[in-house]
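This report refers to the structure that appears directly beneath it.
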Amino acid sequence: MSAATAVDERLAPPSFVRRLLGRPELGAVVGAVAVFVFFSIAAPTFLQASSLSTILYSASTIGIMAVPVAMLMIGGEFDLSAGVMVTTSALVSSMFSYQMTANVWVGVLVSLLVTLAIGFFNGFMLTRTKLPSFIITLGTFLMLTGLNLGFTKLISGTVSTKSIADMEGFPSARALFASKWEIGSVTLQITVLWWLALVAVATWILLRTRAGNWIFAVGGGADAARAVGVPVVKTRIGLYMGVALCAWISGQHILFSFDVVQSGEGVGNEFLYIIAAVIGGCLMTGGYGSAIGSAVGAFIFGMTSNGIVYAQWNPDWFKFFLGAMLLLATLLNAWVRKRAEASK
């Protein structure tokens, strides 16, 4: 073949295998299949329709928050206040509605504004002070933990809020945030729909919009991104407000599912969100990952947390299995990424 007709291999479209190896969620998908097969064998009830419903619900409650946390990690940052922010959202909505004797939708909207303000605060402080996001959000975590407990005891006299189940607007709010449907022997929670919708929107943003390019650029190197015109400050603030928005959704689900909110809830959940994102392929250093991967990571969490129960094992071992999965997933993701880079 002459040089004139030869095709430069750099211009040839990548093969299917190369594209597959380049996907951040590949390792998580392999891990999810392995966990599914394992518990299908170890726990006979694992494959029952009712069990799968419970697994999906557990995965969705983590997955709703894992999506924005994954996007934040792709942007190179962390948010240690995400867990308690969910509780703050629910507490503000409940206490404002109850104390002001207003329609619960007023409390829901006030909660949205307050939660978004917390997200803005995190992003603003990060960009203004130049301190690590670990320090900024750890401070927010501690402040929110104290405010949640202090205000709840000050206003209600206990560590939990008063029931708002009999207030105007409660049925419609429950329908949006905490409804469920019976489809044969399967119970589908609305959180699953919220979860899937957020994954779809986040994937579209990351892969099809200019904002997605900005997120990857900021995570890959903020200084280099700024040099080519990426609005680094706005991108970071937007990512933190995205976490806050999903915290509001999760908080409203908790409130309208149980009518009351315990002020101490949410502590430690931020690590579950980060674990789901990391298992799903996000790098701790930023610039790499996907929303779909975070969904797979959350699904692995749901299968493991419930599979241990269905297998009738001691649930005290759950954290051990979760830690082992985190390490294995990180190693697998690193191996897949090296293979992808070597094949380029």
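Just the heavy atoms: all of them, side chains too, but no hydrogens, waters or symmetry mates, feed the values below. Throughout, residue positions are numbered sequentially from 1 according to the sequence presented.
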Proximity of F258 and H253 rings by center, below 6.0 Å: no

Okay, side chain of [X], backbone of [Y]: is any donor-acceptor separation there less than 3.5 Å?
X    : Y    : value
S305 : G302 : yes
S51  : T45  : yes
T140 : I136 : yes
S294 : A291 : yes

Pairwise side-chain contact, Q48 with Y310, heavy-atom cut-off 4.5 Å (strictly under): no

Min side-chain heavy-atom separation W195-Y57 under 4.5 Å: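 Not touching, per the 4.5 Å side-chain cut-off.
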
Residues in side chain to side chain donor-acceptor pair (under 3.5 Å) contact with [X], at least two apart in sequence or another chain:
X    : value
T209 : none
S290 : E25
W105 : S172
N306 : S58

Electrostatic pair R174:D259 at N-O distance under 4.0 angstrom: yes

Qualifying residue, where the test is side chain to side chain contact (heavy atoms under 4.5 Å, CB included) with W194 and the options are T61, I64, V67, V199: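 It is I64; the other options fail the test.
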
Test salt bridge (charged side-chain N to carboxylate O under 4.0 Å, His left out) applied to E77 - qualifying residues, sequence neighbours left out: R236

Pairs meeting criterion salt bridge (Lys or Arg N to Asp or Glu O under 4.0 Å) with involvement of residues 87-116, two or more places apart: none

